[in-house]
Protein chains: 2
Amino acid sequence: MNLENTKAQMRKGILEYCILAMLKQQEAYASELIRGLKEQRLLVVEGTIYPLLTRLKNDGLLTYRWEESTSGPPRKYYMITPLGRDFLGELHKSWQELTAAVNELTTLD
Amino acid sequence: MNLENTKAQMRKGILEYCILAMLKQQEAYASELIRGLKEQRLLVVEGTIYPLLTRLKNDGLLTYRWEESTSGPPRKYYMITPLGRDFLGELHKSWQELTAAVNELTTLD
DNA sequence: AAATAGTACTAGGTATTGCATAGTACTATT
DNA sequence: AATAGTACTATGCAATACCTAGTACTATTT
């Protein structure tokens, strides 16, 4: 049983919640999101973030615009949509319920 | 984007943490575990729990014994091993870190 | 006694997503 | 021109929650 693997499994479903929340506060491009997550020691790689952003965009939760960069290739800035905000609210509720349940079950004597 | 699907994804990696914690408190057989989880509104089905218990057993984190039942088929009671207790400690730490990170990233203004 | 219901466990296949990897492209620096 | 840093796209894999089908045991009903 591999701890790193279990941690990766734990991240499934949670990352989109984090991404939507971050973008609700401020638009950003992929690398900024990766950096923001890394600051909280949520290490996420490109192979994860790009497909995730694309899925959220395809589902209408995000939208984006291109912006030339003065120091490298152009960047794709993502913004949350009103639908994305609604969904984020649902995810917030689900997360609260999940953590409450888990903490109840795992409280050590 | 399907909320139910996202909730199922969120459960990945978390269920083994819950199961280990429950079994640390008291040995149990599958249906008891399902009931315990259901009380906390963590709905888990047989197709999930049995393979999960088998995986944990194969990795040495659980052990089991058969017990005849007076009201139906025999039951497989699972118990946590010392290795399982160690791993549970690691999972506890991982969970704390993950929730802290997520809450930091998703705190609404 | 046979059929049905409730209960417990096993096995196989599917969908989804984080991750690894390969590749393209833009700009700055060497 | 080559290299480095940066940003994005595409593809395939591993793992796990879940769905479904099936076997088996005991109690209850027909």
Notebook entry, point to check: Which ILVMFWY residues are connected to A:Tyr77, directly or by a chain of links, through side-chain heavy atoms under 4.5 Å apart?
Noted result: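 Once heavy-atom contacts under 4.5 Å are chained together, A:Tyr77 belongs with A:Tyr29.
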Within residues 26-34 of chain A, those residues having any heavy atom closer than 4.0 Å to DNA chain D are A:Tyr29, A:Ala30, A:Ser31
- When you measure from every atom of DNA chain D, which of residues 43-50 of chain A have a heavy atom less than 4.0 Å away?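 Per residue number, the list reads A:Glu46, A:Tyr50.
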### Task
State which residues pass side-chain hydrogen bond (donor to acceptor under 3.5 Å, both in side chains) with A:Asp86; sequence neighbours excluded, sorted by chain then number.
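side-chain hydrogen bond (donor to acceptor under 3.5 Å, both in side chains) list for A:Asp86, sorted by chain: empty.
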Numerically ordered, the residues 69-77 of chain B set in heavy-atom contact under 4.0 Å with DNA chain C is B:Pro73, B:Pro74, B:Arg75, B:Lys76
### Of all pairs that satisfy side chain to side chain donor-acceptor pair (under 3.5 Å), the ones with a partner from residues 39-50 of chain A, not counting sequence neighbours
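Every pair satisfying side chain to side chain donor-acceptor pair (under 3.5 Å) with a residue in residues 39-50 of chain A: there are none.
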Sorted by chain and number, sequence neighbours left out, side chain to side chain contact (heavy atoms under 4.5 Å, CB included) with A:Ser71 holds for A:Ser69, A:Arg75
Residues at least two apart in sequence or cross-chain that pass side chain to side chain contact (heavy atoms under 4.5 Å, CB included) with B:Leu43, listed by chain then number, are B:Lys38
The salt bridge (Lys or Arg N to Asp or Glu O under 4.0 Å) partners of A:Glu4 (sequence neighbours excluded) come to A:Lys7
**Message:** Run the salt bridge (Lys or Arg N to Asp or Glu O under 4.0 Å) test against B:Arg65 and tell me which residues pass, sequence neighbours left out.
**Reply:**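 Expected list: B:Glu27, B:Glu67.
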The nucleotide from D:dC8, C:dC9, C:dT27 with an atom nearest the side chain of A:Glu68 is C:dT27
N/O to N/O distances under 3.5 Å, protein versus nucleotides 14-16 of chain C:
from, atom 1, to, atom 2, distance (Å)
C:dT16, O3', B:Asn5, ND2, 3.2
C:dT16, O2, B:Lys12, NZ, 3.3

Counting only Watson-Crick and G-U wobble pairs with both atom distances below 3.5 Å, the stems of 3 or more consecutive pairs that include DNA chain C are C:1-30 with D:1-30
